[in-house]
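As structure tokens, the structure follows; a few thoughts come after it.
Along the sequence shown, residues carry numbers from 1.
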Amino acid sequence: MPDHTPPSHPARPVGDAAPLTVEDIRAAHKLLSGVARATALESSRYLSGLVGAPVHLKCENLQRTGSFKIRGAYVRIAGLTAAERAAGVVAASAGNHAQGVALAASLLGVRSTVFMPVGAPLPKVAATRDYGAEVRLHGQVVDETLAAAQEYAHRTGAVFLHPFDHRDIIAGQGTVGLEILEQCPEVRTIVVGVGGGGLAAGVAVAVKELRPDVKVIGVQAAGAACYPPSLAAGHPVAVEGLSTMADGIKVGRPGDVPFRIVEELVDEVRTVSEDALAGALLICLERAKLVVEPAGASPVAALLAEPGAFEGPVVAVLSGGNVDPLLMQRILRHGMAASGRYLSLRLRLTDRPGALATLLGVLTEVDANVLDVGHVRTGPRLGLTEVEVELHLETSGPEHCAEVTAALRGAGYRVAESE
């Protein structure tokens, strides 16, 4: 069993101004022994074929609590004074940080309160409670939840645990980088998802001090990309109107502490589309047999979007696997559509017995799987003897879609794709 007594930390300047070093991350790694798993590094033959070099997946989706967040949360709480521990800790999160704080606090015997949005997925709320936290549902968006947690900290004296903007949090996350260098010493490029920047900053410190030749590339969702404008401005910039399925990296402003590190050490920050994220999640599930949340799949999305841009061997960090089953279902449908494996068509038939059976016979000949059929019998565009049919088909990919459409047109049908 790990020793959960508080470590002795040297005095630090106010505001976490002391530069973070690889020695700090090594100390965090030692502290996390027996607490966080040294997660597996799995090779991906499919991605290696695309990139033209070995690609490995760092499986933090299989970490305790389902993400890397336990690392930073544990190091942060372990560094509190006895008085701070006695006051308890408080956090605000829609998922991964909540669970990481809850488990870390329980292991260290510290009372934790976690504020979550009212609409947070029920499995994540239940898991946070099961890990030992008192959960309070407040606000419709994370900003409201964050404000409630900070007010609670001010009122009660509990220590507020920021999800990424603290030196100890970044040190804990940086242990992922140490493990990658141990598991894949020949690595040339590490790709990691970026929200507020804690994980990317920690990995960059660990890697660049030991292997400055290794590139560290960050990835953000295009609909929630606060780092590109911030890096261009030279300071953290808040962006509004965030819209992405990748809630784990849906952050409107970089953290002050990680931003300084990312600006100095991370080689590049890329953005990926929603289609790429959905496709990456599908690839992880089908090819690697791994359940990964959209934020965790963002490095894979970057590889899929431009495979020739990464020098190998490559390690893609799958940062988390906590995804609501209903959301997973929707994302998988979206991913299949984006990869050309769903086809929706509209065409007209003569309204007579056997017409639909004839149409389905054509689809059978080209091995298209019919998911749904809709009929419209009346409308201003239809003749008296016409019926419009909408088909939703499952195919094996874009070439099969073209084959299906060509077969229908060859059989005399006027085909239009549904919007």
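- Within 6.0 Å of NZ in Lys215 there are 12 or fewer heavy atoms belonging to other residues, nucleotides or ligands.
- Without hydrogens or angle criteria, Gln173 side chain to Gly198 main chain gives no donor-acceptor distance under 3.5 Å.
- Considering Val323, Val292, Val317 in turn, Val292 is the only one that fulfils the side chain to side chain contact (heavy atoms under 4.5 Å, CB included) rule with Asn61.
- Tyr152 meets the ring-ring contact (aromatic ring centres under 6.0 Å, His included) test with Phe115; sequence neighbours excluded.
- The side-chain heavy atoms of Val366 and Leu408, taken from C-beta on, include no pair separated by under 4.5 Å.
- Proximity of Glu144 to Pro117: side-chain heavy atoms (C-beta onward) are nowhere separated by under 4.5 Å.
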* Chi angles and distances behind the side-chain contact (heavy atoms from CB on, under 4.5 Å) call for Val192, Val266 -> CA-CA 10 Å; Val192 58; Val266 172; over 6 Å; no
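- Between the OG1 atom of Thr65 and the CZ atom of Arg37 there is a distance of 9.0 Å, given to the nearest 0.5 Å.
- Within the model, atoms OG of Ser344 and CG of Leu391 stand 8.5 Å from one another, a figure rounded to the nearest 0.5 Å.
- A side-chain donor-acceptor contact under 3.5 Å links Tyr227 to the backbone of Gly196.
- Atoms CG and CZ, from Leu199 and Phe68 in turn, are 4.5 Å apart once rounded to the nearest 0.5 Å.
- A donor-acceptor contact closer than 3.5 angstrom is absent between the side chains of Thr145 and His138.
- Put simply, the side chain of Arg211 gets close to the backbone of Pro185: a donor and an acceptor are under 3.5 Å apart.
- Ion pairing of Glu23 with Arg26 is present here, as a side-chain N (NZ or NE/NH1/NH2) and a carboxylate O approach within less than 4.0 Å.
- No donor-acceptor pair under 3.5 Å is formed between the side chain of His166 and the backbone N or O of Val257.
- Environment of CD in Glu186: crowded, with over 12 heavy atoms of neighbouring residues, nucleotides or ligands closer than 6.0 Å.
- Contacts of Phe310 classified as ring-ring contact (aromatic ring centres under 6.0 Å, His included), with partners at least two apart in sequence or in another chain: none.
- Ala204 and Leu265 make their closest contact through CB-CB, 3.8 Å (heavy atoms, listed as atom of the first residue, atom of the second, distance).
- To the nearest 0.5 Å, atom CD of residue Glu209 and atom CG of residue Leu181 are 11.5 Å apart.
- A salt bridge (Lys or Arg N to Asp or Glu O under 4.0 Å) check over residues 87-108, counting only residues at least two apart or in different chains, returns nothing.
- Side-chain contact between Leu303 and Leu50 is absent, with no heavy-atom pair separated by less than 4.5 Å.
- Counting heavy atoms from C-beta outward, Val237 and His235 have side chains that approach closer than 4.5 Å.
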* To do: Evaluate side-chain contact (heavy atoms from CB on, under 4.5 Å) for Leu57 paired with Val300, printing each intermediate quantity in order.
  => CA-CA 9 Å; Leu57 306 175; Val300 175; 4.2 Å; yes
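- Between Ala301 and Ala280 the shortest heavy-atom distance is N-CB, 3.4 Å.
- To the nearest 0.5 Å, atoms CZ (Arg76) and CZ (Arg167) are separated by 12.0 Å.
- No side-chain heavy atom of Ser44 sits under 4.5 Å from any side-chain heavy atom of Arg287.
- Looking at Thr271, its side chain never comes within 3.5 Å of a backbone N or O of Ala222 through a donor-acceptor pair.
- Note: Ile170 CD1 to Thr175 OG1 = 12.5 Å, rounded to the nearest 0.5 Å.
- Proximity of a side-chain donor or acceptor of Glu84 to a complementary backbone N or O of Val159 within less than 3.5 Å is not detected.
- Using a cutoff of 4.0 Å between basic side-chain nitrogens and carboxylate oxygens, Glu179 and Arg71 are scored as salt-bridged.
- Glu134 contributes no side-chain N or O that, together with a main-chain N or O of Arg111, makes up a donor-acceptor pair within less than 3.5 Å.
- Using a 4.5 Å cut-off on side-chain heavy atoms (C-beta onward), Thr128 and Val101 make no contact.
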* To do: Applying side-chain contact (heavy atoms from CB on, under 4.5 Å), run through Gln183 and His56 and close with a yes or a no.
  => CA-CA 10 Å; Gln183 294 169 317; His56 308 284; over 6 Å; no
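- The main-chain N or O of Ala295 is found under 3.5 Å from a side-chain atom of Ser298 such that the two form a donor-acceptor pair.
- Between Gln99 and Lys69 there is no side-chain heavy-atom pair separated by less than 4.5 Å.
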* To do: Could you go through the side-chain contact (heavy atoms from CB on, under 4.5 Å) check for Leu161 and Ile169 one step at a time?
  => CA-CA 9 Å; Leu161 303 184; Ile169 293 284; 5.6 Å; no
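- In this structure, the side chains of Val205 and Ile25 come closer than 4.5 Å at one or more pairs of heavy atoms.
- In terms of heavy-atom proximity, Asp165 sits nearest to Pro258 at OD1-CD, 3.2 Å.
- Taking every heavy atom of both residues into account, Ala92 and Leu146 meet most closely at CB-CA, 3.7 Å.
- Residue Arg155 places its CZ atom among more than 12 non-hydrogen atoms of other residues, nucleotides or ligands, all under 6.0 Å distant.
- Here the closest heavy-atom approach between residue Pro19 and residue Asp24 is recorded as O-OD2, 3.8 Å.
- Between the side chain of Lys208 and the backbone N or O of Val214, at least one donor-acceptor pair lies under 3.5 Å.
- For the pair Asp267 (side chain) and Val216 (backbone), a donor-acceptor distance under 3.5 Å is present.
- The closest side-chain donor-acceptor pair between Thr39 and Glu60 falls under 3.5 angstrom.
- Contact between Thr189 and Val187 at its shortest, heavy atoms only, is O-CG2, 3.5 Å.
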